[in-house]
Amino acid sequence: MQKGRLLYEGKAKKLFETEQENVLMVEYLDQATALNGLKKDEIVGKGQLNNQITSLIFKELSAKGIETHFIKKISKDEQLVEKVKMFPLEVVVRNVAAGSFTKRLGISEGSQLAFPIVEFYFKEDRLDDPFINEQQILVLSLATEAEILQMKKIALQVNKALQELFLAVDICLVDFKIEFGKTKTGKVLLADEISPDTCRLWDRSSQAHLDKDVYRREIGDLVPVYQEVCNRLEKRRDQ
Ligand code: ADP
Ligand code: UDP
């Protein structure tokens, strides 16, 4: 598959056209950002690890009957995906209180939530990706009522599948962010990535952070931590 025109360069990935109109090549970058790009570093090895982990997770989801944009991993830092029209929304699922949820609501980090909750954020860098409710999504015509319902339903299915997957490798899935797009036929499809960049993952025995919080909070080195997540998932897959 030929790498065509660069369509988009984001904070963590580049998207390229391919000779197939509905297929994109995604290149995972060795770049970490936090605070909406204010903190930025090159971290050698991060791109390959996120490509590997995302590919493995999307394959697991597909095996569990959840459709995704993922087609296949084609090199250490590249994968092919189905091109979709992204909803400008970040869909966050939380099982345990952490991050912005604790700051906004005054709940201590680590509190188990009575049930998983789904939140939407408006993906708009210039506004710092603010929290948005369902009526606001409708008023801004970011998605229809049916699409919102579908995103919430799939997000909870993904949560269940990921909780099982991570539990099997002694990791607690605290929260995560996913993104959806719309296919040509109007189907809501899980897209983007699922990696330690987009999930909060805590070791079940030590409670150690195995995710991007080591970078955000400057409490450790990112690559060994992502490698640990990758190793555990690969070991489980190969058993
Ligand atoms: P950001 O845009 O937040 O800086 P990235 O660097 O991860 O993030 O860029 C990847 C971009 O690709 C994101 O804007 C995401 O919404 C978009 N994207 C992910 N999957 C697809 C897809 N299948 N089709 C089209 N765009 C996608
Ligand atoms: N997240 C993400 N991208 C973002 C914002 C959040 O992947 O732009 C993920 C984050 O890694 C965490 C979850 O979404 O797993 C919830 O993040 P939160 O709202 O607590 O925000 P943060 O603590 O990152 O400010």
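When a ligand or atom number is given, it counts from 1 through the structure's own listing order. Note that these values count all heavy atoms, side chains included, but never hydrogens, waters or copies made by symmetry. Here the structure is a predicted model, which means the values were calculated and not measured.
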Does ligand 2 have an atom that lies less than 4.0 angstrom from a heavy atom of E119?
-> no
Let me know which of E193, E179, E27 forms a salt bridge (Lys or Arg N to Asp or Glu O under 4.0 Å) with K13.
-> E193
Nearest heavy-atom contact between H209 and I219 is CD2-CD1, 3.7 Å
Please indicate whether any nitrogen or oxygen in K83 is less than 3.5 Å from any nitrogen or oxygen in ligand 1.
-> no
Taking atom CD of Q135 as the centre, does the number of heavy atoms from other residues, nucleotides or ligands within less than 6.0 Å exceed 12?
-> no
Can you tell me the protein heavy atom closest to atom 13 (C) of ligand 1 and the distance?
-> D192 OD1, 3.9 Å
What are the two closest heavy atoms between A97 and I107, and how far apart are they?
-> CB-CG2, 3.8 Å
Region of D211 engaging ligand 2 - heavy atom pairs below 4.0 Å = neither
Could a heavy atom of D213 be found less than 4.0 Å from some atom of ligand 2?
-> no
Inspect the contact between K187 and E82 and indicate whether a charged nitrogen and a carboxylate oxygen are less than 4.0 angstrom apart.
-> no
For Q52 and C230, the nearest pair of non-hydrogen atoms, with its separation, is CG-SG, 3.5 Å
Nearest non-hydrogen atom to atom 23 (O) of ligand 2 belongs to which of R200, R216, K212, E90?
-> R200
Quick one: which ligand 1 atoms are inside 4.0 Å of a heavy atom on E179?
-> 15 (C), 16 (O)
Which atoms of ligand 1 sit under 4.0 Å from any heavy atom of V81?
-> 23 (N)
With a cut-off of 4.0 Å, which atoms of ligand 1 are near a heavy atom of L24?
-> 24 (N), 25 (C)
Among D197, D221, D77, whose salt bridge (Lys or Arg N to Asp or Glu O under 4.0 Å) with K46 holds?
-> D197
For atom 4 (O) of ligand 1, closest protein heavy-atom neighbour | K11 N, 2.7 Å
Which of the numbered atoms in ligand 2 are below 4.0 angstrom from a heavy atom of G99?
-> 20 (O), 23 (O)
Taking the non-hydrogen atoms of K123, is any one of them nearer than 4.0 angstrom to ligand 1?
-> yes
For atom 25 (O) of ligand 2, what's the nearest protein heavy atom and its distance?
-> S100 CB, 4.3 Å
Look at atom 11 (C) of ligand 1 and say which protein heavy atom is nearest, naming residue and atom and giving the distance to 0.1 Å.
-> Y8 CE2, 3.5 Å
Within 45° cone of F58 ring axis and under 6.0 Å: K73 NZ or CZ = no
What do we get for K13 next to ligand 1 when only non-hydrogen atoms under 4.0 Å count, side chain, backbone, both or neither?
-> both
NZ/NE/NH1/NH2 to OD/OE distance under 4.0 Å, K85 and E147 = no
Ligand 2 atoms nearer than 4.0 angstrom to some heavy atom of D197 are 7 (O), 11 (O)
Just by distance, do the side chain of T54 and the backbone of I194 share a donor-acceptor pair under 3.5 Å?
-> yes
Answer side chain, backbone, both or neither: which part of M86 comes under 4.0 Å from ligand 1, heavy atoms only.
-> side chain
Go through ligand 2 atom by atom and flag the ones less than 4.0 Å from a non-hydrogen atom of V92.
-> 14 (O), 16 (C)
Closest approach of any protein heavy atom to atom 24 (N) of ligand 1, naming residue and atom | V84 N, 3.2 Å
Measure the shortest side-chain to side-chain distance between K212 and N50 over non-hydrogen atoms and say whether it is less than 4.5 angstrom.
-> no
At a 4.0 Å threshold, what atoms of ligand 2 neighbour a non-hydrogen atom of A98?
-> 20 (O)
Which of the listed options, R104, K177, K123, holds the heavy atom that is closest to atom 2 (C) of ligand 2?
-> K177
closest protein heavy atom to atom 12 (C) of ligand 2 is D175 OD1, 3.1 Å
Basic-acidic side-chain contact under 4.0 Å: D213, R200 = yes
N/O separation below 3.5 Å, A12 to ligand 1 = yes
Which atom pair, heavy atoms only, marks the closest approach of L24 to E17?
-> CD2-CA, 4.3 Å
Any side-chain donor-acceptor pair under 3.5 Å between N159 and N95?
-> yes
Ligand 1-proximal atoms of D125, by part, heavy-atom distance under 4.0 Å = neither
In terms of heavy-atom contacts, F122 and P88 come closest through CD1-O, 3.4 Å
Heavy-atom nearest neighbour in the protein, as seen from atom 12 (O) of ligand 1, with distance rounded to 0.1 Å | L15 CD1, 3.3 Å
